[in-house]
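Structure first, commentary second.
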Amino acid sequence: MRKATRSEGRVTIRPWRRRDVDALVRRISDPLVASFLDQVPYPYTEADARAWFALADERWRAGTMAAYAIELEGFEGPVGGVGVHFFDGLEAGAAEIGYWVAEEARGRGVATAATRLAAAWAFESHGDLVRLQLRADVENVASNRVAEKAGFTREGVLRASRWNSRLGRRSDFALWSLLRDEV
């Protein structure tokens with residue numbers, strides 16, 4: 001699976017680099033990011049970042065995931081991340097995309113542009129990919145707005161889908177999809 005850098009306007013996605021550690025630690029340690037991405041360690045440390053880079057590299061090589069840093073013109077270092085996880089077995093031909101953006105870069109269309117870029121890359125680089133899906137907590141209004149603006153179709157709600165220990169509740173997730181012929 002070829003790593004690629006892509007740009008749209010002021011937003012660029014590119015593979016993570018080891019020198020991104022400080023920016024990643026600083027920007028992902030945002031309470032709002034931590035509340036909805038409860039599987040990401042919080043507080044996030046340099047050791048967490050280094051472990052993430054190793055895992056991302058391993059999964060790139062295996063072809064099971066693509067993890068991108070999001071850059072925004074005028075900001076130093078990555079301001080977020082977007083990733084695609086490819087399914088196998090009976091779910092082969094489908095993948096899931098996810099993203100996060102640091103507080104100081106929100107409200108600028110960054111997540112929407114990055115999601116479009118990563119989706120286009122996924123469909124172009126994986127000829128067998130038919131479906132790209134996205135899940136967002138129904139209470140995460142901004143994330144659901146990103147999905148809609150990026151061209152995804154809301155399919156429904158996965159009620160009480162899983163326990164979120166940071167929010168202290170089971171989370172309902174809106175399920176969104178984008179099909180190859182919709183790109």
Side-chain angles (χ1 to χ4, degrees), residues 1-8 11-25 27-29 33-34 36-42 44-71 77-102 110-137 143 146-147 150-152 155 158 161-164 171 173 175-183:
M1 183 166 47
R2 190 171 78 70
K3 295 182 180 184
T5 297
R6 292 178 171 251
S7 295
E8 175 183 304
V11 176
T12 297
I13 63 169
R14 60 156 176 82
W16 288 96
R17 301 176 187 138
R18 301 266 183 246
R19 68 176 180 249
D20 295 332
V21 167
D22 291 340
L24 175 57
V25 169
R27 293 196 167 121
I28 204 168
S29 295
V33 170
F36 288 114
L37 297 182
D38 64 314
Q39 295 174 334
V40 173
Y42 184 80
Y44 201 82
T45 67
E46 188 175 313
D48 294 323
R50 293 190 191 292
W52 163 245
F53 292 151
L55 180 64
D57 285 345
E58 176 184 314
R59 290 184 176 171
W60 266 106
R61 284 190 301 278
T64 60
M65 184 184 75
Y68 286 102
I70 303 171
E71 291 184 336
V79 297
V82 61
V84 180
H85 170 78
F86 296 95
F87 301 147
D88 59 10
L90 295 175
E91 292 182 307
E96 184 163 86
I97 193 167
Y99 46 81
W100 65 273
V101 174
V110 174
T112 301
T115 300
R116 280 192 205 120
L117 290 166
W121 170 85
F123 283 115
E124 289 169 18
S125 66
H126 289 74
D128 63 337
L129 185 63
V130 175
R131 171 190 172 85
L132 189 56
Q133 70 182 36
L134 186 158
R135 288 177 297 153
D137 190 303
S143 192
V146 166
F152 285 69
E155 295 183 336
L158 302 169
S161 183
R162 71 174 186 80
W163 176 257
N164 180 321
S171 293
F173 285 97
L175 181 63
W176 298 82
S177 68
L178 181 67
L179 304 180
R180 173 178 289 283
D181 62 358
E182 296 170 339
V183 177

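Keep in mind it's a predicted model, so treat the numbers as computed, not measured.
For the pair S7/E71, no side-chain contact is recorded, criterion being any heavy-atom separation below 4.5 Å from C-beta on. Here the side chains of W100 and V82 are not in contact, with every heavy-atom distance at 4.5 Å or above. Looking only at side-chain heavy atoms (C-beta outward), F87 and E96 come within less than 4.5 Å of each other.
Rounding to the nearest 0.5 angstrom, the gap separating the OG1 atom in T45 from the CZ atom in R50 is 10.0 Å. Atom CD1 of I28 and atom CG of L37 lie 6.5 Å apart (nearest 0.5 Å). We find the CH2-CE distance between W60 and M65 to be 8.5 Å, quoted to the nearest 0.5 Å. Separating the OG atom in S171 from the CG atom in L158 is a distance of 11.0 Å, to the nearest 0.5 Å. Taken from CG in L178 to CG in L132, the straight-line distance is 6.0 Å, to the nearest 0.5 Å. Taken from CG in L55 to CG in D48, the straight-line distance is 12.0 Å, to the nearest 0.5 Å.
Other residues, nucleotides and ligands contribute more than 12 heavy atoms inside 6.0 Å of the CG atom of D128.
Side-chain atoms of S177 and E155 include a donor-acceptor pair closer than 3.5 Å. One side chain, S143 or Y99, offers a donor N or O that lies under 3.5 Å from an acceptor on the other.
Between F53 and W16, the ring planes lie tilted relative to each other; the angle falls in the 30° to 60° range.
Here Y68 and W121 bring their ring centres to under 6.0 angstrom of each other.
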For this session: Given side chain to side chain contact (heavy atoms under 4.5 Å, CB included), test E124 with R6 step by step and report yes or no.
Result: CA-CA 12 Å; E124 289 169 18; R6 292 178 171 251; 2.4 Å; yes

For this session: Using the side chain to side chain contact (heavy atoms under 4.5 Å, CB included) rule, take D88 and T64 through it: C-alpha gap first, then chi angles, then the decisive distance, then the call.
Result: CA-CA 8 Å; D88 59 10; T64 60; 5.9 Å; no

For this session: Just do the side chain to side chain contact (heavy atoms under 4.5 Å, CB included) check on V79 and R27 with the steps written out, would you?
Result: CA-CA 7 Å; V79 297; R27 293 196 167 121; 3.9 Å; yes

Exercise. Taking it one step at a time, do Y44 and L24 satisfy side chain to side chain contact (heavy atoms under 4.5 Å, CB included)?
Worked result: CA-CA 9 Å; Y44 201 82; L24 175 57; 3.8 Å; yes

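Judged by a 6.0 Å distance limit and a 45° cone about the ring axis, R180 is not positioned over the six-membered ring of F123.
A salt bridge is absent between D137 and R162; no separation between the charged side-chain nitrogens and carboxylate oxygens falls under 4.0 Å.
The backbone N or O of L179 lies less than 3.5 Å from a partner atom in the side chain of E182, making a donor-acceptor pair. The backbone N or O of A54 sits nowhere less than 3.5 Å from a side-chain atom of D57 that would complete a donor-acceptor pair.
Looking at L134, V101, T112 one by one, the single match for side-chain contact (heavy atoms from CB on, under 4.5 Å) with V146 turns out to be T112.
Closest approach of I97 and A118 over heavy atoms only: CD1-CB, 3.7 Å. Here the shortest heavy-atom pairing between T5 and P15 reads OG1-CD, 3.9 Å. Counting all heavy atoms, side chain and backbone alike, A95 lies closest to F86 at CB-CD2, 3.8 Å. Minimum interatomic distance between I70 and A114 (heavy atoms only, all atoms of both residues): CD1-CB, 3.5 Å.
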